[in-house]
Amino acid sequence: MSSTLIRCSNCNTPLAAHFLNKPDFTNCPRCRAPVRTVVYPSLFRHPDTASSGEKLLIETESSCYFHPKKKAVVPCGLCGRFLCSLCDIEFNDQHICSSCIESGKKKRKIRNLENNRVLYDSIALYLAVIPMIFIWPTILTAPATIYYSFRHWKSPSGIIPRSKIRFIFALMMAGLQVGAWSLLLSHSLL
Amino acid sequence: MNMNNQEYAKLRGKGFKRGSFLSLSGIRASLWLGRDHILCIYNKGYEEDYKRFYFRDIQAITTHQDNRRLVWNIIFGVFALAFAFWGLPLLMVSAFFLSLILINWLRGPTCTCYLHTAVSRENLPSLNRLKNVNHAITRLSHVIEQEQGHVSPEEIHHNLGEKTINNTDGDLQKTADQDIQKMKSASETGKRHSEKSYNGRIHTTLFYVLIMSGILTSIDFLHRSIPLTTFQMICSSGLSVLLIVALVKQQGSGISQWTRRLTWTTLGFMCVFSFIMYIIVMFLTFQSKTAIYTTWDYMRMLSSVSPYDNSFLLVIYVVSISYCVTAGIAGLAMMSGSKNK
């Protein structure tokens, strides 16, 4: 029998079984807030016990790269190193070692491990638009926007693909600003 | 690009991640459905943060309705009313706030949705409307059940330790009552645990300041002076800050229900009182014969007005003194009563 409890998200009161998986909202017995809870089988599933790896009994058998005294069971899908059951990480339907996971995350090779991306197109747009409030800074930010936009034109943006519309708009605004400053400066010099 | 677009399908709804009590973090949240996971995107404007929840790891989704829609409608309504009394140009602003009320109403009831895994409980800010939650749960349940399978009511009852499932109605009620008793004892334990984390000091200070504010207003009633008016304004500002902190602290704490209600009532009183005083001060400013250029002129004008000159102002003073003293004493009594328990 599992001691897992699902609690009301408003007052944290444990909810009895007859509150779960109802199609409509029911009032929490304590705070009376309308609550709806949907549970899935993994709530009652016990986690699999991790294997610490089999010891190497026969010398001619392959051993794990990270644990020479343990038997290799699978090669790493990325680097090819032999791995014992302790070192084997199942990820993205592949068997990967911890070093490849780490380098994949750092070098952004494994997409599902990315948890942050810089939005260069949004930064370019802010750089073009926000200084216009104060007018004078645009003499510096307009060329900076043009450089930044071309520099990061092909840089990866968000995980959900975006169009280049922000870059294009930023370039248009920066171009207009540069044109306006050029006219102003040439007029004042003449 | 098209293949990548098909990788994720957007779930309906947009929201802001709650970074503070006033939700001023400005981080936009959205939810996307992938092949084997849900992707939560938190957009800060210049960068995005991602959180993934794999279907095999999702244990439950809980939702509770809240009254945010009503609160925002009240705020918009107050602004709409306030601008409606100031003439035709500001009537357009009033109409704008009325349209916000209509849009808020049409979007449906608000709610808060959490996703449970074995190690975390994640708030899903984009699922803040009931319509979006129901739509999302339908789509998510379909894909999660494809991954994990379906759980029957019998399995739920068995795993959560129900005594029996094939009961008559009477026995079901008995079982439900036993559950409620267990929940009450569990919630009492929870109360004891959370009382340890918050000792009620802010609420006690709040009620003392409320009494002090009432006493100052009484003195101001009898004797008008600039230092007293200044001190009163400082006291009111301090009261507002304490009130907001108390409202934050009392969330999830062991403070009694009546104390919470009194704190919320005090907030309502402060809002109404501030609004009325704002109207009165504007009226007095326009009516004032002397020109007001500096804050000092403003303070002098305020301290020169006597409640005896105006019956409406007299009523406001009496109500304010009565509420501050009564609520302060009641609050202190409740706090000392709950401490003794």
Side-chain angles (χ1 to χ4, degrees), chain A residues 1-25 27-31 33-45 47 92-93 111-127 157-163, chain B residues 1 4-5 8 10 32 37 39 41 43-52 56-66 111-114 116-118 121 130 133 137 140-141 144-145 148-151 153 155-162 172 175-176 179-180 182-184 186-187 190 252:
Chain A
M1 186 178 73
S2 168
S3 61
T4 309
L5 285 173
I6 290 290
R7 296 172 180 271
C8 168
S9 47
N10 191 38
C11 65
N12 232 24
T13 303
L15 296 172
H18 58 266
F19 284 96
L20 308 181
N21 283 14
K22 294 289 179 203
D24 298 316
F25 282 77
N27 290 341
C28 171
R30 187 182 172 210
C31 66
V35 174
R36 185 184 171 197
T37 306
V38 180
V39 298
Y40 303 105
S42 64
L43 177 68
F44 310 115
R45 190 179 62 211
N92 275 357
D93 299 325
R111 205 153 164 270
N112 278 9
L113 287 177
E114 283 188 77
N115 56 12
N116 175 270
R117 276 204 189 175
V118 177
L119 301 174
Y120 298 106
D121 52 354
S122 296
I123 292 174
L125 186 60
Y126 297 146
L127 200 58
S157 62
I159 285 240
I160 308 297
R162 289 144 68 105
S163 66
Chain B
M1 197 176 194
N4 283 336
N5 272 338
Y8 288 107
K10 191 174 186 309
W32 298 76
H37 63 274
L39 177 69
I41 299 179
N43 188 319
K44 293 177 189 173
Y46 56 92
E47 68 174 9
E48 282 180 343
D49 289 333
Y50 307 111
K51 270 192 183 175
R52 292 173 184 82
R56 62 174 182 268
D57 297 328
I58 296 172
Q59 292 186 338
I61 299 173
T62 57
T63 314
H64 74 268
Q65 282 190 39
D66 52 33
C111 59
T112 309
C113 185
Y114 288 91
H116 296 254
T117 63
R121 187 181 85 150
L130 216 59
V133 165
I137 287 178
L140 290 174
S141 292
I144 292 171
E145 284 174 3
Q148 296 185 23
H150 181 69
V151 60
E155 278 179 80
I156 295 172
H157 279 73
H158 170 73
N159 282 295
L160 286 182
E162 284 290 315
L172 271 172
T175 315
D179 288 333
I180 290 169
K182 281 183 195 171
M183 281 175 234
K184 278 185 180 170
S187 66

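In what follows, chains carry the letters A, B, and so on, assigned in the order in which the sequence lines appear, proteins first and then strands, with residues in each chain numbered from 1. In this text, all values refer to a predicted model and were calculated from it rather than measured experimentally.
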What's the separation between atom OH in A:Tyr40 and atom CG in B:Asp57, rounded to the nearest 0.5 Å? 13.5 Å
How far apart are the C-alpha atoms of B:Gln65 and A:Val35, what are their side-chain angles, what is the distance that settles it, and do they pass the side-chain contact (heavy atoms from CB on, under 4.5 Å) test? CA-CA 7 Å; B:Gln65 282 190 39; A:Val35 174; over 6 Å; no
Closest approach of A:Val39 and B:Val151, non-hydrogen atoms and distance? O-CG1, 3.5 Å
Tell me, for B:His150 versus chain A, whether the close heavy atoms (under 4.5 Å) come from the side chain, the backbone, both or neither. backbone
Locate the shortest heavy-atom distance separating A:Ser9 from B:Tyr114; write the atom from each residue and the value. CB-CD1, 3.4 Å
If every non-hydrogen atom of A:Pro41 is compared with every non-hydrogen atom of B:Gly149, which pair is closest and at what distance? CG-O, 3.3 Å
Of the backbone (N, CA, C, O) and the side chain (C-beta and beyond), which part of B:Thr117 lies under 4.5 Å from a heavy atom of chain A, both, or neither? neither
Identify which part of A:Leu113 has an atom lying under 4.5 Å from any heavy atom of chain B, answering side chain, backbone, both or neither. backbone
Given B:Asp49 and A:Asn115, is the side-chain contact (heavy atoms from CB on, under 4.5 Å) satisfied, shown in steps? CA-CA 5 Å; B:Asp49 289 333; A:Asn115 56 12; over 6 Å; no
Closest approach of A:Ser42 and B:Gln148, non-hydrogen atoms and distance? N-OE1, 2.9 Å
Let me know if B:Ile58 has heavy atoms under 4.5 Å from chain A in its side chain, its backbone, both or neither. both
With a 4.5 angstrom heavy-atom cut-off, is it the side chain or the backbone of A:Asn10 that approaches chain B, or both, or neither? both
Do the side chain of A:Tyr120 and the main chain of B:Tyr46 share a donor and acceptor less than 3.5 angstrom apart? no
A:Val38 and B:Ser141 have their tightest heavy-atom pair at CG1-OG, 4.0 Å
Answer whether the closest heavy-atom distance between the side chains of B:Arg52 and A:Asn112 falls below 4.5 Å. yes
